[in-house]
Amino acid sequence: MHRWSQIFIPTLREAPADAEVTSHKLLLRAGYVRQLGAGLYSHLFLGNRAINKIVAIVREEMDTIGQEFHLPALNPREIWEASGRWAGMGDNMFRLKDRKGAELCLAMTHEEVMTSIARSELRSYKQLPQIWYQIQTKFRDEPRPKSGLLRVRQFLMKDAYSFDIDEAGLDESYAKHDRVYRRIFTRCGLNFLAVDADSGAMGGSASQEYMVYTDAGEDLIASSSSGYAANVEKATSKLAAVEDLAATGDGLPELIVTPGKGAIADICEFLSILPSQDIKCVAFMGTPAPPPVQGGTSGVIQAPPLRPVVAFLRGDHQVNENKLNAAAGTAELRPMAPDELELHIGGPAGYLGPVGISEVMTQGSLNGLNSGKSLDKLKGVSRENAAEGLKTIVVMDLGLEGRSNLVAGANKLDYHLRNVTPMRDFKPTMMADVRTVNEGEPDPIGGEPLRIGKAVEIGHIFKLGYKYSKSMGASVLNRDGKETTPIMGSYGIGVERILTAAIEQSASLFAARGQADMYALPPSIAPFQVVVTITNVREAQLLAAGETIAKDLSAAGFDVLLDDRDERAGVKFKDAELIGVPFRIAIGKKLAEGKIELLNRLTNQTDDIYAAEAVQHLRAALTGQQATIAD
RNA sequence: CGGGGCGUAGCGCAGUCUGGUAGCGCACCUGGUUCGGGACCAGGGGGUCGGAGGUUCGAAUCCUCUCGCCCCGACCA
């Protein structure tokens, strides 16, 4: 039992002006944290208590599948060179030198250290599988720390790594983590979603993120009631059928004069067609993605040429640059300049179309390009940014598949074409899903409308494959006595983000009830489960009753904070609310009838109960609140 | 790194344009009244105005440089 009169809980009536995000304001006002610098926070008593409760849950659940380690946060340069990430991490890694001048870094993650242990210790398939985890401080020199505890430069992460002999083993380790993660987040009282994540250009192995919907989040996710959930970077949807236009004339592409109708809205109005009957063109120059396996390169490499990447989509669709990057093998896209449009497509902005692009790269050439082979060049071109004359990568979105008689730019100022039918009138390098899903579209599995919203990522599980075990040379002997590279997975949970997400989630519920800037934490992670508020400590009976009840609750195993301060009741009620403790017992006037007041802040329900029955009532309220954990 | 904003008491702010030696609310300390929803009265403590340099008789205020923090974007295994 803790006495409020003797502990340090610096609550603030007003939030510092620097805090903008709800959870940030509340964490500061409630005295959970204080800021030391950009992306650096001190956890005070309450904050640390909440974090410790989260850590305890994570540990308890992780111990059911893995073994806890504790690795150094300070790492020598060598192991990061071995994996190729000393250079790859760039400015995001904190680097320093020791007194001898040896280079070190503060680890952003621990694939390297774990793999180095595996490399030197694991010898036989009989030792596999292994799941090793730790709960430890990570350092990342974020370009822009923000949103309180959401994006910081030093934070607690539970990171786990699995080593298996084969893919089937990895699948199992991955599934174990998925199961355990769901239990952890459920026990922490979060309303979360597991979503398909963009596994990036490398490898293409599976990856799943655990997200909590909140406006404070930085990711956009799409989900539906049928259980579909995906990061918008990757999400897709079913498309309702669109009625094609009837052919005109001989049914072949027909040039029409459309002066000043460069915008889709204008051309649609001009021709009385729907945007879905028009072909949109989005053109980029793309920086090639790095090759799949990185070496420990330290020399200067000549930058590979930019690639002309042109996407054609339905007029009412938006291009998704992540998907387009994946399709074109690029890492970054910038819009084409007018002379590049002319060069690679052959038309002016506003009148770009797929018909008549003379130099379309073939799928085969693109594959070759992505594996670092031959360049499929366009002859006789000289412009610095013209990608050394690379042929144009034309990507047709699947939303155009099977369509006919569409309207498209004619690659000629003030002209469009009608009767454009994909595959007959033009052939792209490839067809791919490169559009962004929209709110309300039917999801691809159950056809239920998609909800799109911001979310914060609280965990991520990832099938790493052989990237680290191979580059760092870990191997074991298999059943046949042959050297075999173990396959790895890595799995992370952001501990502070669980706290932040829980506050955001609760605050939005309170806001919906009309109570601004209020929240209550789930009992499992709240710094205290209950506050016993003695409304007036100068009344001996109230004080004595409060002491007794707090002692009884404490003896019964609850985390109790006794507010024995000599303050007015209003101040104490306000503070009890601010610190987000889910239950409050008020000892006041009704004690004359032997009664006290139990407030469940999660349900906003108040009950008068007999003082002598406080323990049983709180126990009942707590179990009623405890989320059921399904296995 | 590009764009924007802000640094004055623990927190929120005014004062800066037009230079004259710093103020308000909350918090804090003392005394009194009050006591179930951030009390009231009286008295009090606390600030080299982010830092450095310059202009001036005189700088929170003008000029130069610099540091820090926040927001948008870029970035974010």
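Since the structure is predicted, the reported quantities are computational estimates derived from the model, not experimental observations.
- With rounding to whole Å, A:Glu597 atom CD is found 11 Å from B:G37 atom P.
- Taking the ring-ring contact (aromatic ring centres under 6.0 Å, His included) definition, one finds that A:Tyr133 meets it with nothing, sequence neighbours left out.
- We find the CD-CG distance between A:Glu439 and A:Leu220 to be 10.0 Å, quoted to the nearest 0.5 Å.
- Here A:Glu567 does not pair with A:Lys572 in a salt bridge; the nearest charged N to carboxylate O distance is not below 4.0 Å.
- Ring centroid separation for the pair A:His2 and A:Phe45 comes in under the 6.0 Å cut-off.
- Rounded to whole angstrom, the span from the CG atom of A:Leu12 across to the P atom of B:A9 amounts to 15 Å.
- Checked against the 6.0 Å centroid threshold, A:Phe192 and A:Phe185 count as a close aromatic pair.
- Judged by Watson-Crick or G-U wobble contacts below 3.5 Å, the nucleotide B:C1 has B:G73 as its partner.
- Proximity note for A:Arg538 (side chain, C-beta onward) versus B:A77, B:C35, B:G36: the nearest is B:C35.
- Nucleotides B:C26 and B:U61 place their C1' atoms 27 Å apart, quoted to the nearest Å.
- A 3.5 Å limit on both hydrogen-bonding distances identifies B:C29 as the Watson-Crick or G-U partner of B:G43.
- Contact of the A:Leu104 side chain with the A:Arg77 side chain is not registered, since no non-hydrogen atoms from C-beta on lie closer than 4.5 Å.
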Considering only nitrogen or oxygen atoms on both sides, find all protein atoms under 3.5 Å from nucleotides 74-76 of chain B and state each distance.
{"unit_1": "B:C76", "atom_1": "O2", "unit_2": "A:Arg151", "atom_2": "NE", "d": "3.4"}
{"unit_1": "B:C76", "atom_1": "O2", "unit_2": "A:Arg151", "atom_2": "NH1", "d": "3.0"}
{"unit_1": "B:C76", "atom_1": "O2", "unit_2": "A:Arg151", "atom_2": "NH2", "d": "2.4"}

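- Rounded to whole Å, the P atom of B:G23 lies 35 Å from the corresponding atom of B:U34.
- Straight-line distance between the C1' atoms of B:U8 and B:G3: roughly 27 Å, to the nearest whole Å.
- A:Arg568 has a side-chain polar atom (N or O) that falls below the 4.0 Å cut-off from OP1 or OP2 of B:A39.
- Between A:Leu149 atom CG and B:C70 atom P there is a gap of 12 Å when expressed in whole angstrom units.
- Summarising the base pairing, B:G20 is matched to B:C57 through a Watson-Crick or G-U wobble pair whose two defining distances lie under 3.5 Å.
- Counting to the nearest Å, the C1' atom of B:G37 and the CG atom of A:Asn536 are 14 Å from each other.
- Taking the P atoms as reference points, B:G43 lies 28 Å from B:G37, given to the whole Å.
- Here CZ of A:Phe583 is found 11.0 Å from CZ of A:Arg601. Values are rounded to the nearest 0.5 Å.
- Judged by Watson-Crick or G-U wobble contacts below 3.5 Å, the nucleotide B:G68 has B:C6 as its partner.
- A:Asp141 places its CG atom 15 Å from the P atom of B:A77, with the value rounded to the nearest Å.
- B:U21 and B:G4 have their P atoms separated by 35 Å, given to the nearest Å.
- Within 6.0 Å of CD on A:Glu167 lie no more than 12 heavy atoms contributed by other residues, nucleotides or ligands.
- Annotation: A:Trp132 is not in aromatic contact with A:Tyr161 [ring centroid separation under 6.0 Å not met].
- Summarising the geometry, atom CD1 belonging to A:Ile596 is positioned 4.0 Å from atom CD1 belonging to A:Ile609; distances are rounded to the nearest 0.5 Å.
- Spacing of C1' atoms, B:G50 relative to B:G7, comes out at 6 Å, to the nearest Å.
- Toward the 5′ end of RNA chain B lies the nearest nucleotide of A:Met518, the other residue of the pair A:Met518 and A:Met89 mapping further downstream.
- Per the geometry, CG belonging to A:Asn231 stands 12 Å off P belonging to B:A77, to the nearest Å.
- For the pair A:Arg584 and A:Glu577, the salt-bridge criterion is met [side-chain N within less than 4.0 Å of a carboxylate O].
- Along RNA chain B, the nucleotide nearest A:Gly570 and the nucleotide nearest A:Pro16 are compared for position; the residue whose nucleotide lies closer to the 5' end is A:Pro16.
- A:Asp517 has no carboxylate O lying under 4.0 Å from a charged side-chain N of A:Lys25, or vice versa, which leaves the two without a salt bridge.
- In this structure, A:Lys454 does not pair ionically with A:Glu218, as no charged nitrogen and carboxylate oxygen lie closer than 4.0 Å.
- Taking a pair to require two hydrogen-bonding distances under 3.5 Å in either a Watson-Crick or a G-U wobble arrangement, B:C49 remains unpaired.
- Nucleic acid contact for A:Met93: none, since no nucleic acid atom lies under 4.0 Å from a heavy atom of the residue.
- Ion pairing between a basic and an acidic side chain is recognised when a charged N comes within 4.0 Å of a carboxylate O; A:Asp171 and A:Lys463 show such pairing.
- The distance between the ring centers of A:Tyr41 and A:His24 falls below 6.0 angstrom.
- At a threshold of 4.0 Å, the pair A:Glu112-A:Arg119 does not count as salt-bridged, since none of the basic side-chain nitrogens sits closer than that to a carboxylate oxygen.
- Spacing of P atoms, B:G68 relative to B:G51, comes out at 15 Å, to the nearest Å.
- Separation of the C1' atoms belonging to B:C62 and B:G19 is 8 Å when rounded to the nearest angstrom.
- When the P atom of B:G37 is taken as reference, atom NZ of A:Lys589 falls 7 Å away, rounded to whole Å.
- Among the protein residues, A:Asp575 comes within range of the nucleic acid bases, having at least one heavy atom under 4.0 Å from a base atom.
- Every residue two or more places apart in sequence or in another chain that forms a side chain to side chain contact (heavy atoms under 4.5 Å, CB included) with A:Ser475 is listed here: A:Glu483.
- Within a heavy-atom distance below 4.0 Å of RNA chain B, the residues of residues 18-40 of chain A found are A:Asp18, A:Glu20, A:Arg29, A:Gln35, A:Gly37, A:Ala38.
- Judged by distance alone with a 3.5 Å cut-off, a donor-acceptor contact links the side chain of A:Arg584 to the base of B:G37.
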Give each protein N/O atom lying under 3.5 Å from an N/O atom of nucleotides 26-30 of chain B, with the pair distance.
{"unit_1": "B:C26", "atom_1": "O2'", "unit_2": "A:Arg13", "atom_2": "NE", "d": "3.3"}

Give me, pair by pair, the N or O atoms of the protein and of nucleotides 14-16 of chain B that are less than 3.5 Å apart, along with how far apart they are.
none

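- Between A:Asn75 atom CG and B:A77 atom C1' there is a gap of 15 Å when expressed in whole angstrom units.
- Within the nucleic acid shown, A:Leu578 comes within 4.0 Å of at least one base atom, counting heavy atoms only.
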